[in-house]
Asks: 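Got a structure for you, questions after.
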Amino acid sequence: MDFCPFGFTAVIHDEYNPETHISTYRRESGMGLAQSYAHAMEQIENYYGDDLIAVKHLELFEDNSIIL
């Protein structure tokens, strides 16, 4: 199976302040190559581990040399 480019935006746990009991979060966006939607999600989960809070956007693009 061929690999397709994908784009994503994720919410990541940034840090926890034990004095105030407040966690901070950040959004990160990126791209990668995957064989399927599930494979793309697996890569995102493996990269961020327990710091991954949510994936707000995940889109597979056509297997093409130009992405419009």
Side-chain angles (χ1 to χ4, degrees):
M1 182 175 215
D2 290 335
F3 284 82
C4 299
F6 69 89
F8 72 93
T9 300
V11 177
I12 312 303
H13 181 258
D14 195 27
E15 64 180 48
Y16 175 74
N17 184 332
E19 293 177 9
T20 61
H21 302 287
I22 295 175
S23 291
T24 57
Y25 304 91
R26 70 179 189 277
R27 283 185 186 231
E28 285 191 353
S29 296
M31 297 190 77
L33 296 171
Q35 294 175 323
S36 66
Y37 184 87
H39 185 228
M41 191 62 216
E42 179 183 355
Q43 289 184 63
I44 295 167
E45 286 181 311
N46 288 340
Y47 183 81
Y48 289 109
D50 292 338
D51 289 335
L52 180 64
I53 302 300
V55 175
K56 293 294 190 180
H57 180 82
L58 177 56
E59 181 177 358
L60 264 60
F61 301 104
E62 291 183 33
D63 185 15
N64 199 336
S65 60
I66 303 254
I67 299 172
L68 299 174

Asks: With a cut-off of 3.5 Å and sequence neighbours excluded, list every side-chain donor-acceptor pair involving residues 50-60.
Replies:
residue, atom, partner, partner atom, Å
H57, NE2, E59, OE1, 3.1

Asks: Are there more than 12 heavy atoms of other residues, nucleotides or ligands under 6.0 Å from atom OH of Y47?
Replies: no

Asks: Please enumerate all residues that pass salt bridge (charged side-chain N to carboxylate O under 4.0 Å, His left out) together with R26, with sequence neighbours excluded.
Replies: D14, E28

Asks: Search all heavy atoms of A34 against all heavy atoms of Q43 and return the closest pair with its distance.
Replies: CB-NE2, 3.5 Å

Asks: What pairs with N46 under side chain to side chain contact (heavy atoms under 4.5 Å, CB included), at least two apart in sequence or on another chain?
Replies: E42

Asks: If the condition is side chain to side chain contact (heavy atoms under 4.5 Å, CB included), which residues does S29 pass it with, not counting sequence neighbours?
Replies: T9

Asks: If you group Ile, Leu, Val, Met, Phe, Trp and Tyr whenever their side-chain heavy atoms sit less than 4.5 Å apart, what else falls in with I22?
Replies: none

Asks: To the nearest 0.5 Å, what is the distance between CZ (F6) and NE2 (H39)?
Replies: 8.0 Å

Asks: Give me each pair satisfying ring pair (Phe, Tyr, Trp, His ring centres under 6.0 Å) with a member in residues 8-32, each pair once, sequence neighbours excluded.
Replies: H13-Y25

